[in-house]
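Order of the sequence lines sets the chain letters (A, B, ...), proteins ahead of strands, with each chain counted from 1.
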Number of protein chains: 4
Amino acid sequence: MESKHDGKYNKILNAAIEVISEKGLDKTSISDIVKRAGVAQGTFYLYFSSKKALIPAIADNLLTITLEGIKEKIQGKENFWNVLEIVIDETFNITDEYKDVIVLCYSGLAIDYSLEKWEAIYQTYYYWLEEIITNAINRKEIISDINVKWTARIIISLVENAAERYFISYEQDDAQEVYKTELFNFLKRSLFKT
Amino acid sequence: MESKHDGKYNKILNAAIEVISEKGLDKTSISDIVKRAGVAQGTFYLYFSSKKALIPAIADNLLTITLEGIKEKIQGKENFWNVLEIVIDETFNITDEYKDVIVLCYSGLAIDYSLEKWEAIYQTYYYWLEEIITNAINRKEIISDINVKWTARIIISLVENAAERYFISYEQDDAQEVYKTELFNFLKRSLFKT
Amino acid sequence: MESKHDGKYNKILNAAIEVISEKGLDKTSISDIVKRAGVAQGTFYLYFSSKKALIPAIADNLLTITLEGIKEKIQGKENFWNVLEIVIDETFNITDEYKDVIVLCYSGLAIDYSLEKWEAIYQTYYYWLEEIITNAINRKEIISDINVKWTARIIISLVENAAERYFISYEQDDAQEVYKTELFNFLKRSLFKT
Amino acid sequence: MESKHDGKYNKILNAAIEVISEKGLDKTSISDIVKRAGVAQGTFYLYFSSKKALIPAIADNLLTITLEGIKEKIQGKENFWNVLEIVIDETFNITDEYKDVIVLCYSGLAIDYSLEKWEAIYQTYYYWLEEIITNAINRKEIISDINVKWTARIIISLVENAAERYFISYEQDDAQEVYKTELFNFLKRSLFKT
DNA sequence: GATGAATGAGTCTTCATTCAT
DNA sequence: CATGAATGAAGACTCATTCAT
């Protein structure tokens, strides 16, 4: 992946993700972040306007990673049910790796009603899935009398929620496959065109 | 329900909900809350051990209200699809009224990984819905090869998510019915026993 | 004099005057002030809304002291030229004692164009001198074709300026009497009714 | 006048005057100034040793402008009362134009007791007026038993003070002539040789 | 139980200044 | 001469919490 910004931006962003994962947002100070990033206090403000500006940046970063991972794994297997499986898999993987930061993203959402910002971040993801769904309808893989936009959003939120619920609740490890299957079937029953 | 505590507890809790709705959690100080509640600074700590203790209390309060509302409207109409409709309706209503605080509850979740606390709060709600689901299975209203526990949780999170997404995004008003129907059908397709 | 506020207000105010006299406003931190005053950091903000709020308070304090000193020394000797002499004397005394803070007051003026605040602080002093001047005119001690308001202000600013100029410039000590006489004569020539 | 330094010095100085007029000294950062001047951050330090060095430079600039304006208008009319009138006029004009920066100069004075610097800046102005006064005494236009040095300084400070007081207090516009006349008469009564 | 004045630790943010290019 | 990215020291201010009354 080619970085959106030069090295220092990413250094700070990654340091932030690390530290916040360990201590939580509230207990993480800018001082912690810059120390970890190996830059000066003031340098932070050269790349982020404030502490709050970190959260959308982290979310954006996470989502980009997720979508890239998904696309990479699809590699031509465009069948809807394949894609759905990959989406579920990849979401579970990313959620596992970044669970501590993901929760914070929800919190960030609360910090300043920046719903527009949020929607903007998810935009790419939504559009991508909407197209997948439309194609699936055309190929008669799924039912057609659904609202594509709404369905895309509901699938994403459902998968993300399930993954978070799974990992944040510290379930026993072997349950993961059961969980994912249950989720897949739930969606399949709702969308499969017989 | 008779209140868990005397008048001052509720005075403070309601003041907190009000102020937090207006200013957000971060910008709300204990000082703001007690001023609104008309009690002294120290009095807060007679009823809440800390500022963080407010969030589960608020969530508990909200959930209690929701479940009470649902139960009241059911009144014997125990048919699963009736119940589901009422759950959706009531969740949308409460979300509309308290949307500003609800987002905070997610954030609160992030504040100190108090997942156990969170699960405890939802416990009653989960149990109640699990029973509803079990009964529905027995009555053959819905399919039987599902994980009841998992399904209860996924339904609740799906409905809550949809409601939040709807109200926080400031959709046009007339869309609400469409949204609720789409949601209901989505669930029905997935659970209905033909 | 009975203090306008209770003990802690004055403790902080006096500590501020002391420290600022020693280090200058810019180099004086709130931390310095509260340490000197023997109170906690936060206590400062219970009595002053900000660091800037100190300056008018100091000015007010200084002017009150000056005017009280003058009134005390007058004691019935209401003759205008007596009063003028006392005003000059007292201004020189106070300026000598507080010269380091007085300069700051001018600076404070610059900090936020709070001319109204400034005028309000001087109001009492102005009114008092206007009355003295009016009486002097009536007693034919001074000429009558002058603008009383304007003259009161110009006398005060002239005397204050001369005193500051004298002490801040570190003139040789024996020059003080010469300076005061020159000032007195300058005013007398301008106002004396032959 | 030929500028003391090349174009960039003046660019920065003028930008500083502009920005400081708008925002006040405290809220003006070097960054603001260089942005306005259209030069790089580091360039500032090629021409000024520090932020504080700006203030004497501004004051010097202002005083030079004032004195040049006065000299230009005098043009041979060396009569003391003519000169005084011109001094008053010109001081009021400059004060009107630069009132926001002038206040700051006082504040600058407070910043680091640089009284010597201050005296140095005013030196030329003082000397010039001292000569005018001496000539006036010789021509018997004004009384002779005065301290020339002292009188020069008192006249300048009196006129400057009156002008500042006038403009900073936002008096009604038509009062200006009255004000100037009052000031002129005040000085004339004190110095005129009958 | 109730009060609210006092506390003081904690942190974001600013900005004058430097220096490698 | 000019640049402007990087620095990092410094400080104002907030606010959860306590405790004597």
Side-chain angles (χ1 to χ4, degrees), chain A residues 6-9 11-12 26-35 37-54, chain B residues 5-9 11-12 26-35 37-54, chain C residues 6-9 11-12 25-35 37-54, chain D residues 5-9 11-12 25-35 37-54:
Chain A
D6 82 329
K8 229 144 219 173
Y9 176 93
K11 240 186 193 168
I12 294 172
D26 264 30
K27 282 182 207 142
T28 298
S29 65
I30 302 291
S31 162
D32 293 329
I33 295 170
V34 295
K35 241 175 255 160
V39 300
Q41 192 88 0
T43 306
F44 178 89
Y45 292 89
L46 248 35
Y47 295 94
F48 297 92
S49 60
S50 76
K51 193 185 181 182
K52 288 195 313 204
L54 268 177
Chain B
H5 302 262
D6 81 334
K8 232 150 219 174
Y9 176 92
K11 239 190 200 165
I12 294 172
D26 264 30
K27 284 182 206 143
T28 298
S29 64
I30 302 292
S31 162
D32 293 327
I33 295 171
V34 296
K35 242 173 255 161
V39 301
Q41 193 89 358
T43 307
F44 178 89
Y45 290 89
L46 255 29
Y47 296 94
F48 297 89
S49 60
S50 74
K51 192 188 181 181
K52 289 196 309 204
L54 266 178
Chain C
D6 81 330
K8 230 145 222 174
Y9 177 92
K11 240 189 196 165
I12 294 171
L25 180 65
D26 263 30
K27 284 182 206 142
T28 297
S29 65
I30 302 291
S31 162
D32 292 329
I33 294 171
V34 294
K35 241 172 257 160
V39 300
Q41 190 89 359
T43 307
F44 178 89
Y45 292 90
L46 250 33
Y47 295 94
F48 297 90
S49 60
S50 75
K51 192 186 181 183
K52 288 195 314 202
L54 268 176
Chain D
H5 302 264
D6 82 332
K8 231 147 219 174
Y9 176 93
K11 241 186 193 166
I12 295 172
L25 181 64
D26 264 29
K27 281 182 208 143
T28 298
S29 64
I30 302 292
S31 162
D32 292 327
I33 294 171
V34 296
K35 243 173 254 158
V39 300
Q41 193 91 358
T43 306
F44 179 89
Y45 290 89
L46 256 27
Y47 296 94
F48 296 91
S49 61
S50 76
K51 191 187 183 182
K52 288 195 308 205
L54 266 178

Among the nucleotides F:dT18, E:dA2, E:dT7, whichever has the atom closest to the side chain of B:Tyr45 is F:dT18

Return the value, rounded to whole Å, for the distance between atom CD1 of C:Ile33 and atom P of E:dG8.
18 Å

So do A:Asp32 and A:Lys27 actually touch side chain to side chain, heavy atoms under 4.5 Å?
no

Against the side chain of D:Tyr47, the closest entry in F:dC1, F:dC13, F:dT3 is F:dC1

May I ask you to say what D:Ser29 touches in the nucleic acid, namely base, sugar-phosphate or nothing, with a heavy-atom cut-off under 4.0 Å?
sugar-phosphate

B:Asp26 CG to E:dG10 P, straight-line distance once rounded to whole Å:
18 Å

By nearest-nucleotide position on DNA chain E, the 5'-leaning member of A:Gly42 and B:Thr43 is B:Thr43

Quick check: do D:Leu46 and D:Val39 have side-chain heavy atoms less than 4.5 Å from each other?
no

Over how many whole Å does the gap from A:Leu54 atom CG to E:dC12 atom P extend?
10 Å

Of all heavy-atom pairs linking D:Ile12 and D:Ile33, the shortest is O-CG2, 3.9 Å

Starting at NZ of B:Lys35 and ending at C1' of E:dA2, how long is that distance when rounded to a whole Å?
18 Å

Remember a base hit wins even if backbone is also touched, and classify C:Ser49 as base, sugar-phosphate or nothing at under 4.0 Å, heavy atoms.
nothing

d(CZ, A:Phe48; P, F:dA5) in whole Å:
16 Å

Using heavy atoms to find the nearest nucleotide of DNA chain F for B:Ile30 and C:Lys51 separately, return the residue whose nucleotide is more 5′.
C:Lys51

For F:dT21, the Watson-Crick or wobble partner whose two distances fall under 3.5 Å:
E:dA2

Of C:Phe44 and A:Gly38, the one whose nearest nucleotide on DNA chain F sits closer to the 5' end is A:Gly38

Quick check for you: among F:dT18, E:dT17, E:dA6, whose closest atom lies nearest to any side-chain atom of C:Leu46?
E:dA6

In terms of relative ring orientation, are C:Tyr9 and C:Phe48 parallel, tilted or perpendicular, with 30° and 60° separating the classes?
parallel

Within the 4.5 Å heavy-atom criterion, are B:Thr43 and B:Val34 side-chain neighbours or not?
no

Nearest to the side chain of D:Ala40 - E:dA2, F:dT3, F:dA6?
F:dT3

Ranking F:dT17, E:dT7, F:dA2 by distance to the side chain of B:Gln41, first place goes to F:dT17

Using a heavy-atom cut-off of 4.0 Å across all strands, would you classify B:Val34 as base, sugar-phosphate, or nothing?
nothing

Using only side-chain N and O atoms of B:Lys8, determine if any of them is under 4.0 Å from OP1 or OP2 of E:dA2.
yes

Atom pair distance, as rounded to whole Å: CD1 in B:Ile12 and P in F:dA16
14 Å

In the structure shown, which nucleotide is the Watson-Crick or G-U wobble counterpart of F:dG8, with both distances under 3.5 Å?
E:dC15

